[in-house]
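Heads up, the thing below is written out as structure tokens.
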Amino acid sequence: MLQLKDKVGRFATTGRSCQNWKKDQELIISLLNKIAISDGGAENTLKPQMVVTGFASDGLYNSILYFQKKNFPGTPDGYVRPAGPTFNRLVELSTKAAAKPAPPKGQWDAIATPSVDAALRKGLIDDSKLDYAEVVDIIRATVADGMVTAFELDDLTTIANTSRTLSPTSKKLITLFVGEEYKEKRGIGPYNLNSDQKKLAAEMVCDFLKNTRTTFFPKLDPHRVGIGILRRIAKPSLINQDQGSLCGPSALMFSYASDKPGSYARFAIDLYQKGQANLGRLLIKPGKDVRNFTPPWSLDHVDWLTCASIRDSENWFLDFDDTGKISDLAGVTLPSEMEQWFRKAGYRDVRENTNISRFNKDIDDVNEANRLLDSGYRVCLFISANMIDYDDQSDKGSALTMHWVVLREKIQVMNGYVKAKVFSYGDGDYLIPHPQEKTGAVKPLAVRDFLMNFYGYVAAKG
């Protein structure tokens, strides 16, 4: 009789791995590989040789999510427990041979997921062609239930590669939607829209993608803007200032997209279409220089649209040198500005506890930041950028290295050293001290060095 020793997968609510004994993982992989994709299985796409005791791979975890989504109502929990309903259903379905696709009889026989298939058939019913609006509706169908799987992304790729009538714009839209992230993972795509707010925001973006002609930002690609908004609704940590001194607006936008995804989407769309938008009670109206600037390819268009507009609206156009890098002083956000942004954006009990004149704070301020994080506040740390760099982490910062990050977990202080996890530069799990890029080596960060470059925080409750 098939049995598990303990749980397999990850807890979807926290991302923490279960026990994941090697033999247990191999059993679940075997069962999923025997089950057809149409029934929620992996159909021989999971690789058992990649199993590591104690850790469920992205492929296995996301395949469990996909199986649960296909077979059970409600939100998937991400793991299989011994003799539980997910395990029993796996055993039941695995006793049937995995469905073998019939030899293709038509152009679209390879489409496997019901969401894409239904939207595709609807788009083809009138003239057997897919126009741009119908492609948007196919994308809309994949996000409607709050989770885009890798199998749905496979089907979209099939459409882009197979259709003989798609316009270049439609193909580009699908390519942007599938995204680079998909190439690294299976089981679930880069879109996890698992709340009503996120689903409504996604609907808003799809409506925008159908009407992209009106804009006050003629140098920005509307499709990159729309898909960029959608990806940030699903994963706010994608927000990235790149080489621009936009860390303050980026910290605000990360918080806003995380806490108020619908308002974030409305803000970005209004900026693009109207040239101005309200962030709560904060009217953002960038000047023509920002609106007519072409950002470098490495800076996502939606991040320029939102973050540069906030910065410019609040002081002056960001000066660029010949390399396209924003002047550090032109883009700096002062703590008083950050406090006002959060307050006017609709956050409550906004607290500003910084000390620019003396620069560093003490361990009591670290403890208070941790307490506020525990109490449900967004906590933006004001630090020297030296602290997040492997080579410079113990060098004293200056006015030119001031930087905003968003605290993701409580700051750990132990045996005279500090560890932290923050949002910074498009990474929601940025570690302090940060590993050396090539070797992965980590240098301990002493409390005194941390405090030397820690200037305080702004905290706010959503």
- [ ] Rounded to the nearest 0.5 Å, what's the gap from CG on L200 to CG on L193? Could you check?
- [x] 11.0 Å

- [ ] Determine the minimum heavy-atom distance between N33 and A42, stating which atoms define it.
- [x] OD1-CB, 3.8 Å

- [ ] First locate atom SG of C247, then atom CG of N240, and finally report the distance between them rounded to the nearest 0.5 Å.
- [x] 11.5 Å

Task: Partner set under side chain to side chain donor-acceptor pair (under 3.5 Å) for T142, not counting sequence neighbours - done: none

- [ ] Would you mind reporting whether P295 and H301 have side-chain heavy atoms less than 4.5 Å apart?
- [x] yes

TODO: For the residue pair D289 and D312, establish whether any side-chain heavy-atom pair is separated by less than 4.5 Å.
DONE: no

- [ ] Look only at the side chain of Q393 and the backbone of P444, and say whether a donor-acceptor pair between them is shorter than 3.5 Å.
- [x] yes

Open item on the list: More than 12 heavy atoms of other residues, nucleotides or ligands under 6.0 Å from NZ of K199: yes or no?
Closed with: yes

Open item on the list: By the side-chain hydrogen bond (donor to acceptor under 3.5 Å, both in side chains) test, which pairs, at least two apart or in different chains, include something from residues 247-261?
Closed with: D259-Y347, D259-R378

- [ ] Report the residues that fulfil salt bridge (charged side-chain N to carboxylate O under 4.0 Å, His left out) with R448, sequence neighbours left out, ordered by chain and then residue number.
- [x] none

Task: Main-chain N/O of D395 paired to N453 side chain as donor or acceptor, under 3.5 Å - done: yes

Open item on the list: Has Y430 got a side-chain atom pairing as donor or acceptor with I388's backbone, closer than 3.5 angstrom?
Closed with: yes

Give the table of side-chain donor-acceptor pairs shorter than 3.5 Å for residues 267-280, with sequence neighbours excluded, one pair per line with atom names and distance.
| residue | atom | partner | partner atom | Å |
| --- | --- | --- | --- | --- |
| D270 | OD1 | R266 | NE | 3.2 |
| D270 | OD1 | R266 | NH2 | 3.2 |
| Q273 | NE2 | N211 | O | 3.3 |

- [ ] Working to the nearest 0.5 Å, report the span between CG of L220 and CG of N292.
- [x] 9.5 Å

Task: Spacing of W297 atom CH2 and D242 atom CG [to the nearest 0.5 Å] - done: 12.5 Å

Open item on the list: Tell me if the aromatic rings of Y425 and H434 count as close, with their centers under 6.0 Å from one another.
Closed with: no

Open item on the list: To check you understand the geometry: which heavy-atom pair defines the closest contact between I239 and A257, and what is its length?
Closed with: CD1-CB, 4.3 Å

Open item on the list: Looking at every heavy atom in both K361 and G456, which two are closest together, and how far apart are they?
Closed with: CG-N, 3.4 Å

Open item on the list: What I'd like to find out is whether the side chain of I174 reaches to under 4.5 Å of the side chain of V178, using heavy atoms alone.
Closed with: yes

Task: With S394 via side chain to side chain donor-acceptor pair (under 3.5 Å) - residues at least two apart - done: D449

TODO: Run through F423, F254, F382, W341 and flag the one making a ring pair (Phe, Tyr, Trp, His ring centres under 6.0 Å) with W404.
DONE: F382

Task: Value rounded to 0.5 Å, distance of CG in L238 from CG in D300 - done: 8.5 Å

TODO: Run the salt-bridge test on R232 and D303 with the 4.0 Å N-O cut-off and return the result as yes or no.
DONE: yes

Open item on the list: What I'd like to find out is whether the side chain of P249 reaches to under 4.5 Å of the side chain of T333, using heavy atoms alone.
Closed with: yes

Task: Considering all heavy atoms, the nearest G54-Q25 contact - done: N-NE2, 4.2 Å

Task: Nearest non-hydrogen partners of F217 and S309, listed with the distance - done: CZ-OG, 3.6 Å

Task: Residue list, salt bridge (charged side-chain N to carboxylate O under 4.0 Å, His left out) with R140, at least two apart or on another chain - done: D137, E203, D207

TODO: Check whether any side-chain heavy atom of T13 lies under 4.5 Å from a side-chain heavy atom of T75, and answer yes or no.
DONE: no

- [ ] Tell me, please, which residues at least two apart from K69 pass salt bridge (charged side-chain N to carboxylate O under 4.0 Å, His left out).
- [x] D145

Task: side-chain contact (heavy atoms from CB on, under 4.5 Å) against F72, all qualifying residues, sequence neighbours excluded - done: F67, Q68, P85, T86, R89

Task: Distance under 6.0 Å and angle within 45° of ring axis: K443 vs Y390 - done: yes

Task: Side-chain touch L209/I227, heavy atoms, less than 4.5 angstrom - done: yes

- [ ] Applying side chain to side chain donor-acceptor pair (under 3.5 Å), name anything that partners Q436, two or more places apart in sequence or on another chain.
- [x] T439

Open item on the list: My understanding is that only residues two or more places apart in sequence, or in another chain, count here; which of them pass side chain to side chain donor-acceptor pair (under 3.5 Å) with R81?
Closed with: none

Task: Close side-chain approach of F450 to I383, heavy-atom, < 4.5 Å - done: no

Task: Qualifying residue, where the test is side-chain hydrogen bond (donor to acceptor under 3.5 Å, both in side chains) with R10 and the options are D58, N62, D77 - done: D58

Open item on the list: Quick one, K419 and P433 - any side-chain contact, counting heavy atoms below 4.5 Å?
Closed with: yes

TODO: Enter the distance from E352:CD to S336:OG here, rounded to the nearest 0.5 Å.
DONE: 7.0 Å

Show me the donor-acceptor pairs, under 3.5 Å and distance only, between side chains in residues 405-417 and residues at least two apart or in other chains.
| residue | atom | partner | partner atom | Å |
| --- | --- | --- | --- | --- |
| R408 | NE | G428 | O | 2.9 |
| E409 | OE2 | K421 | NZ | 3.3 |
| K410 | NZ | D374 | OD2 | 3.2 |

Open item on the list: Please find the pair of heavy atoms, one from P435 and one from G440, that lie closest to each other, and give the distance.
Closed with: CB-O, 3.8 Å

Open item on the list: According to salt bridge (charged side-chain N to carboxylate O under 4.0 Å, His left out), who are the partners of K461, at least two apart in sequence or on a separate chain?
Closed with: none

